[in-house]
K.L.:
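I am attaching a structure below and will ask some questions about it afterwards.
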Amino acid sequence: MRIWEIDAWRSLALCFMIFFHILVDLRDLFLYPIDYHQGFWRFTGVFAAASFILLAGVSSNLSRSSLRHGLRILLAAAAVSAGTWWWDPDTYVRFGILHLLGVSMLTAPLLRRLPLIFVAALAAGTAVLPAFLPAFASTPWLLPFGVTPPVFTTLDYYPLFPWYGLFAAGHLAGRVLYSERRSLLPQPPGDSRFLWLGRHTLAIYLLHQPLLVALLTLLHK
């Protein structure tokens with residue numbers, strides 16, 4: 001059974017993400033004077049990413065196919081890495097949000113076996129751990145954990161520390177709020193096409209950026 005409010009939140013986050021990527025493309029590809037690192041523009045990107053991670057944690061309680069889903073996301077992440085390497089080998093995605101979500105989903109069966117207090121401690125500990133890690137290292141193998149080389153650029157970077165803490169917090173919230181696996185709120189009447197976005201997030205995520213670049217390029221010719 002689908003949880004409509006989760007689909008609605010994910011649909012909203014998807015709209016914010018697409019809007020943010022339009023800003024990024026306009027600035028980076030067409031030199032518009034848009035500073036998407038500050039203010040409301042930055043908020044749109046952060047809101048979208050944080051929502052996807054949190055909701056992935058919530059949803060990890062609602063499916064028993066977390067391993068299969070995690071592997072599918074990691075396969076998509078590999079495609080993103082390959083595509084962005086072809087686009088720009090200097091800034092390609094090495095551990096972006098899909099890598100984070102894929103690895104996190106693989107841990108969901110273990111999280112489901114842990115007592116709630118342990119999941120809460122894991123969420124809090126993962127979130128604060130970066131304060132105790134070195135900022136830089138000479139090896140790129142520590143990239144998934146938030147330790148980067150001194151010179152590092154990438155199009156998308158969401159390391160396990162601290163972002164896995166948000167996934168674990170979502171898992172904790174899901175176990176508490178959705179123990180009966182049903183919506184908490186009555187679904188409002190009317191058109192549900194908006195919810196369709198939240199039910200096909202991965203496919204839209206993979207397709208939207210090439211389509212945006214093609215459309216914006218066409219509009220600027």
Side-chain angles (χ1 to χ4, degrees), residues 6-56 72-104 130 135-136 140 143-144 146 148-160 162-163 166-167 170 191-221:
I6 293 178
D7 288 335
W9 189 350
R10 194 179 283 119
S11 297
L12 179 64
L14 191 64
C15 292
F16 271 69
M17 179 200 70
I18 293 173
F19 176 74
F20 180 74
H21 285 169
I22 291 174
L23 299 178
V24 172
D25 292 341
L26 289 175
R27 167 66 183 269
D28 294 353
L29 300 179
F30 302 99
L31 305 181
Y32 279 64
I34 301 171
D35 186 359
Y36 54 78
H37 295 294
Q38 298 185 50
F40 179 75
W41 306 141
R42 182 175 184 273
F43 166 78
T44 60
V46 173
F47 171 81
S51 294
F52 289 140
I53 298 168
L54 183 69
L55 292 175
R72 185 176 65 169
I73 294 177
L74 285 177
L75 183 62
V80 169
S81 291
T84 53
W85 181 86
W86 174 81
W87 178 270
D88 186 354
D90 293 328
T91 62
Y92 74 98
V93 176
R94 275 165 274 190
F95 202 86
I97 192 168
L98 288 185
H99 300 77
L100 167 71
L101 293 178
V103 171
S104 298
F136 306 110
L143 276 174
T148 66
V151 179
F152 174 65
T153 56
T154 184
L155 296 170
D156 187 39
Y157 185 48
Y158 285 88
L160 291 167
W163 292 103
L166 189 58
F167 177 87
D191 196 341
S192 62
R193 280 179 290 185
F194 180 69
L195 301 180
W196 181 89
L197 297 173
R199 295 168 183 170
H200 300 84
T201 307
L202 181 59
I204 296 173
Y205 182 91
L206 293 174
L207 293 174
H208 85 283
Q209 188 66 314
L211 292 176
L212 282 180
V213 172
L215 178 60
L216 291 174
T217 300
L218 182 63
L219 291 175
H220 282 80
K221 283 188 176 180

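These numbers come from a predicted model, not from an experiment.
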K.L.:
Validate the cation-pi geometry between Arg94 and Tyr92: distance from NZ or CZ to the six-membered ring centre under 6.0 Å, angle to the ring axis within 45°.
P.N.:
yes
K.L.:
Can you tell if the side chain of Phe43 reaches within under 4.5 Å of the side chain of Val46, non-hydrogen atoms only?
P.N.:
no
K.L.:
If you define the side chain from C-beta out and look only at heavy atoms, does anything of Ser51 sit under 4.5 Å from Trp9?
P.N.:
yes
K.L.:
As an exercise, state the distance from OG of Ser104 to CD1 of Ile53, rounded to the nearest 0.5 Å.
P.N.:
7.5 Å
K.L.:
Determine whether Leu160 and Leu100 make a side-chain contact, defined as any pair of heavy atoms from C-beta on separated by less than 4.5 Å.
P.N.:
yes
K.L.:
Between the main-chain N or O of Met17 and the side-chain N or O of Tyr205, is there a donor-acceptor pair closer than 3.5 Å?
P.N.:
no
K.L.:
Quick check: do Val213 and Thr217 have side-chain heavy atoms less than 4.5 Å from each other?
P.N.:
yes
K.L.:
Please check if the distance between the ring centroids of Phe47 and Phe20 is under 6.0 Å.
P.N.:
no
K.L.:
Is the shortest heavy-atom distance from the side chain of Val93 to the side chain of Trp85 under 4.5 Å?
P.N.:
no
K.L.:
Taking Thr153 for its side chain and Asp90 for its backbone only, find out whether a donor-acceptor pair lies under 3.5 Å.
P.N.:
yes
K.L.:
Give, for atom CG of Asp25 and atom CD1 of Ile18, the distance between the pair rounded to the nearest 0.5 Å.
P.N.:
11.5 Å
K.L.:
Is there a side-chain contact between Tyr36 and Arg42 (heavy atoms, below 4.5 Å)?
P.N.:
no
K.L.:
Any donor-acceptor pair under 3.5 Å linking the side chain of Thr148 with the backbone of Leu143?
P.N.:
no
K.L.:
Okay, side chain of Asp156, backbone of Ile97: is any donor-acceptor separation there less than 3.5 Å?
P.N.:
yes
K.L.:
Using the ring centroid of each side chain, check whether Phe16 and His21 are separated by less than 6.0 Å.
P.N.:
no
